[in-house]
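Order of the sequence lines fixes the chain letters, A, B, ..., with proteins taken first and strands second; residue numbering starts at 1 for each chain.
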Amino acid sequence: MSQNIKILPGATVCEDCTLEGDITIGGGTVIHPRVTIIAEGGPIIISEYCIIEEYATIIHKKAETQETPPKPLFIGAHNVFEVACKLESFFGHIGESNVFECRSFVGSDVKIGSGCVIGAACQLTVPQTLADNTVIWGSEHHNREALEKQPTQLLQLDFLSKVMPNYHRLRKPNIHKRLPSRPSQDTAK
Amino acid sequence: MAYLTQPDYVKYICSCGQLKPITNLYFCRHCLKIRCGFCICHEVDSHYCANCLENMPSSEARLKKNRCSSCFACPSCFHTLSTRATLARDPAGGDGKPPKKMYYLSCFNCRWTSRDVGIPDQPVASGGWPERTNPFTTRFNQLLDYYKAIAQQEKQEKLDKERKKFVTRGKYINLTDKTGLTGAMARNIAGLPSSESSSSVISNFVPSQASPDVEELPDDYHLKEIDLKQITRISQRTSCPELQPSLASRLSPRPRALCVKRSQRCRACDHNLTKPEYNPGSVKFKIELLAYYHVPEVKIISYETIKPGGTSALLLKLSNPTAHEMTVKMLQPEDVPDQEDEHKTIEKTLEKSLNLEKDISWNASFPRRPPPPNAGSVNLPAVSLTLAQRDDAAEYDDEPPGDNDDIILWRKSNKLALRLKLTTDAQAKVGSNAYFSFALQYSYRNTVPPSATVVQHSDHTLYTTLILDLGKVCE
């Protein structure tokens, strides 16, 4: 697999993680150690201000009907992937301000809007579409609709990007020219 | 830990006939019997909130409807709500004032917030949350007053009747007859509430009336598509019985229900079996008569598969939890001598405790010890085994392996492993549960100081019957 990892300035990416394929990591994003991101079905683009915690796994699966050129998996801004969550997707787009709680699993046929919360240990395996602000929790997968998006983790991000360099080896940003910021919809298409 | 996470493979038969694992059993040192939660008296010791650990007397708890005044439960998932702070900017502001801290309630489990249902943020961290008033409060109070009045009236009538029984109109002229002082006036002088007021409550009470006119359902009732996210689940409605919100937007934080600390009492001798410490933060007990500390514990190490008509080996571990040496002998459950004196002692103490109505009729009407289910029999050694006392320091000693023979596999401080043979019935059905039972005869030294009146032997021979669950009968 071709290694093509682009880290934008301002991103904090620990060295001790598995990144494979064509991956772009936006500024302000923090990736903890032991994270696995595999782009086998196409490029993965992670936007600004995401937190990806330890043992989180993001895989862009190969679809059966592979398009050429392959569709990128676009992960919006302010998403939080908590410890040991797993995301397998070949849909091109994941919205903003979602929270994937600890040990949650999102299968490949799930479309996720914005402001959704997938509760701890919840497993979404059936093809479905989560509308904006859906909250799923508990062993019975109760769901409800939140009124507003989950609050942003900017304070936490600030803290992490300050502390992380003191204790971990980091990957250096390799793109020094800031890309012109585009609205997320454009990249999805 | 195994007792918490695994099924109960070894069960003891309680003196009431229930099957329970040793961790769910109590041991009454005064009756020298195993008791379980089913056959003892549970008493509420104190009320407390499990979240803020505030203690309150039961009268206050009743007044607050058994709910904490400062903690809230999530109306959506019943988890405890947490208070979160945000910095609110003055909408009219801009005059350099520092942003004010505002608080709202939020659930960390389902992410429900008090903002979801439009409850405004509060300037103080605790208290001041708006309460939704019950639309039927007045009717509720009316009913309460009415039933109180009826109860009072009935009490009065009963009293009057009793008085009439004793007062015999005879030679003597009653004071009321002489002076014309009526009962109502006498009550008035004595400062008692007049019976008039209670009767007025009763006479003014309007019973509810059923009406044949029912509001019609909207036309689109059956056609309208239901959005499950907008309506509440049954558990959410019943958690708030006075309002029963049907829409998710009408949910409101519920004051958290209180917990109780219970003490357990033996029903036969009225002695305490457990008594928790009063402080809600403490998980210790002042009295803790658990079977786990007094009855020899049996654990299954391993066993061979159970086949109909075959014999299989069974390895058991016995341990002595007491601080005294214990002699253990294994018996067939049929060989346990009957201890029928129990009924008498129960009835005797019954007479003693007059105010406590104890129904022990079930004791007599049901067979006390149903024959344990059996898939075969355990071939038991006819020897008495001695178990050393529990010694917490023993595990640090390097002990030479104890005596080994064909029954005892190994011996280690207060523990003993046994090798036994099981004989399965030839008729045992394949796939049925393989239960095996045996009884233990064990010596027990009672450390309770004997009471002045009763001469008590401190050494006893006690019996307990156990049932082992060895999976299924295989082919």
**Q** Decide if atom CZ of B:R237 counts as having more than 12 heavy atoms of other residues, nucleotides or ligands within a radius under 6.0 Å.
**A** yes

**Q** Assess whether side-chain contact (heavy atoms from CB on, under 4.5 Å) is satisfied between B:R111 and A:W137, documenting all intermediate values.
**A** CA-CA 9 Å; B:R111 311 238 173 187; A:W137 82 89; over 6 Å; no

**Q** For B:R115, which atoms come within 4.5 Å of any heavy atom of chain A: side chain, backbone, both, or neither?
**A**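 Answer is both: backbone and side chain atoms of B:R115 are under 4.5 Å from chain A.
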
**Q** Pick from B:D227, B:T86, B:T113, B:N109: which one has the most heavy-atom pairs with chain A under 4.5 Å?
**A** B:N109

**Q** Evaluate whether atom CZ of B:F108 has more than 12 neighbouring non-hydrogen atoms of other residues, nucleotides or ligands under 6.0 angstrom away.
**A** yes

**Q** Can you confirm whether more than 12 heavy atoms, excluding those of A:K6, are under 6.0 Å from its NZ atom?
**A**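 Enclosed: over 12 neighbouring heavy atoms sit under 6.0 Å from NZ of A:K6.
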
**Q** Any idea which of A:V135, A:I136, A:N143 has the most non-hydrogen atom pairs under 4.5 angstrom with chain B?
**A** A:V135

**Q** Please check if the number of heavy atoms outside B:K101 that lie under 6.0 Å from its NZ is greater than 12.
**A**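 Open: at most 12 neighbouring heavy atoms sit under 6.0 Å from NZ of B:K101.
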
**Q** Give a yes or no on this: more than 12 heavy atoms of other residues, nucleotides or ligands lie within 6.0 Å of atom CZ of A:R103.
**A**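 Count not over threshold, so no.
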
**Q** Hey, are the side chains of B:D116 and A:E145 touching, using non-hydrogen atoms and a 4.5 Å cut-off?
**A**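 No, too far: nothing below the 4.5 Å cut-off.
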
**Q** Might you confirm whether atom CD1 of B:I234 has over 12 heavy atoms from other residues, nucleotides or ligands at distances under 6.0 Å?
**A**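 No.
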
**Q** So how far is it from B:S114 OG to A:L147 CG, rounded to the nearest 0.5 Å?
**A**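 Here the rounded value is 11.0 Å.
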
**Q** Can you tell me how far apart NE2 (A:H142) and CD (B:Q236) are? Round to the nearest 0.5 Å.
**A**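 Spacing of NE2 (A:H142) from CD (B:Q236) equals 8.0 Å.
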
**Q** Do A:R144 and B:S76 have side-chain heavy atoms sitting under 4.5 Å apart?
**A** yes

